[in-house]
Colleague: 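The following block contains the structure, expressed as structure tokens.
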2 protein chains.
Amino acid sequence: MSKDTAAPPPSGSPARRSDATRAAILAAARERFAADGYDRATVRAIAQDARIDPAMVMRYFGSKEGLFAAAVAVDLRLPDVADVPVGSLGRVLVGHFLDLWEDDELRGVLTAMLRVGVTNPAGAARMQEIFRDQVLPIALRAVPDPAQAPARAALVSSQLLGLALTRLVLRFEPAVRLGRGEIVDWLAPTVQRYITATEP
Amino acid sequence: MSKDTAAPPPSGSPARRSDATRAAILAAARERFAADGYDRATVRAIAQDARIDPAMVMRYFGSKEGLFAAAVAVDLRLPDVADVPVGSLGRVLVGHFLDLWEDDELRGVLTAMLRVGVTNPAGAARMQEIFRDQVLPIALRAVPDPAQAPARAALVSSQLLGLALTRLVLRFEPAVRLGRGEIVDWLAPTVQRYITATEP
DNA sequence: CCCGTTGGCCAACGCTTGTTGACACCGTAG
DNA sequence: CTACGGTGTCAACAAGCGTTGGCCAACGGG
């Protein structure tokens, strides 16, 4: 039906009154998807959180899938590693990953993708996209042998996503307790090794 | 059919004719839960896979939640680490974890718990149980300072579950490609360090 | 042979879901 | 004042869900 979902008003268009509603729906959707996963986050509940009618969700985003796509369409803003000393890559990457989930919105997106990516094909596809388009390129610049970049990037992702999983989603208590400094101290050497070690 | 997982009839009770049906339902349930997660794995679909009526599921397991509980009630059979040389703990633990998902049934249970634990409270609770009752005790025996055992066990879990996540659930291609030997070579030093390093 | 027990099917219930189309409000332009 | 496009509500839909209770078919000990 309406294909206007993914088109943000370009510069110059007046701030429509409905932009606030759109934003409210998106915020509510991210929270619900992050808390409940795709299936249990109902359109009705999201609409209630945003204090509007469920029909508005369909008007603005076409369908529940469209809403999810819009809710997780954010740039991770991964840092450029070109000017990072090779020896500091571990600390920098782990630190940046932790920064991600200190931003309320990005943590919501990350948690939502973790929760949804695990049960919903579209969610899993979106995570593969992010891995391919945003994580792999970084590895390609940092890793000694480019042919090894995919494997090394996958290993790094497994550790970082594993931490997000145990901490944000499964809420293993000792994982939740860990402070930022401890996490960096423990994980940075691991990530560093996955990226730069000449052999396992 | 496969081995009856949950509660083998104790000595003396005759092999009932319905035990086969029970087992078929459990096997189908594990497959569906592993493939689709809790909500999308419908009782009707499971019943169809097992070639019985949905009502049978309720007769045997009381409810969908009861079915799930029965489907994931298995012992991980983690090895006793008392007689493992401290220096080999990394390789042994990673190797055993990989063994887990080479057994068809256990891989099903693991994948099901990952998929369900992420959206379903009961699933998350079950994973916390396993962590507390089966993983933590191992750490307590292997770690230098017992006070650090929970944190170290959580770190180990984050790496192992992260690998399972990227490989079995999200199916990041480079992660899927990794061979068993490569995984052990890369992950064992990480796990070893999380357990025995005196400081990060 | 009879009849209670066991294993199984069927049709239906009450409920929630995503989605839709008709209708009401509002502010501005003509 | 009227007309109208942008906002928003309401009631209803069909589909799918977990769950229930009644009925049927085979079996096996008396």
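Order of the sequence lines fixes the chain letters, A, B, ..., with proteins taken first and strands second; residue numbering starts at 1 for each chain. The basis for the numbers below is simple: all heavy atoms, side chains too, and nothing from hydrogens, waters or symmetry mates.
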Colleague: Whole angstrom is fine here: how far is it from CZ in B/Arg32 over to P in D/dG18?
Modeller: 12 Å

Colleague: Nearest whole angstrom, please: distance from the C1' of D/dG16 to the CG of B/Asp36.
Modeller: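 Checked: the CG to C1' distance equals 15 Å.
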
Colleague: Just how far, in rounded Å, is P of C/dT16 from NZ of A/Lys64?
Modeller: 15 Å

Colleague: Check step by step if side chain to side chain donor-acceptor pair (under 3.5 Å) holds for B/Thr190 and A/Arg193.
Modeller: CA-CA 9 Å; B/Thr190 299; A/Arg193 191 167 60 84; 2.6 Å; yes

Colleague: Write down the distance between CG (A/Asp19) and C1' (D/dG8), rounded to a whole number of angstrom.
Modeller: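 Computing the A/Asp19:CG to D/dG8:C1' distance gives 15 Å.
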
Colleague: Check for a donor-acceptor pair, side chain of A/Arg115 on one end and backbone N or O of A/Ala34 on the other, with a separation under 3.5 Å.
Modeller: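 Checked: pair present.
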
Colleague: Could you tell me whether a side-chain N or O of A/Arg30 sits under 3.5 Å from a main-chain N or O of A/Val109, the two making a donor and an acceptor?
Modeller: no

Colleague: Can you list, by residue number, the residues of residues 50-59 of chain B that have a non-hydrogen atom closer than 4.0 angstrom to DNA chain D?
Modeller: B/Ala55, B/Met58

Colleague: Please state how far atom CZ in A/Arg40 lies from atom C1' in C/dG18, giving the value in whole angstrom units.
Modeller: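 After rounding, the gap between these two atoms is 17 Å.
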
Colleague: Side chains of B/Val57 and B/Ile52: closer than 4.5 Å at any heavy-atom pair?
Modeller: yes

Colleague: B/Leu187 and side-chain contact (heavy atoms from CB on, under 4.5 Å): which partner among B/Leu98, B/Leu178, B/Leu160?
Modeller: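 Result for side-chain contact (heavy atoms from CB on, under 4.5 Å) with B/Leu187: B/Leu160.
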
Colleague: Please answer whether the main-chain N or O of A/Ala45 pairs with a side-chain N or O of A/Thr42 as donor and acceptor at a distance below 3.5 Å.
Modeller: yes

Colleague: Using whole Å, report how far CG of B/Asp39 lies from C1' of D/dC17.
Modeller: 11 Å

Colleague: Among the candidates D/dG8, D/dG18, C/dT19, find the nucleotide nearest to the side-chain atoms of A/Arg44.
Modeller: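 Closest nucleotide to the A/Arg44 side chain: C/dT19.
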
Colleague: Without decimals, in angstroms, what is the distance between B/Phe61 CZ and D/dT19 P?
Modeller: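 Distance check: B/Phe61 CZ to D/dT19 P gives 13 Å.
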
Colleague: Can you check the A/Glu65 CD to C/dT19 C1' distance for me, whole Å?
Modeller: 14 Å

Colleague: Looking only at side-chain N and O atoms, does B/Thr21 come under 4.0 Å of OP1 or OP2 in C/dG8?
Modeller: yes

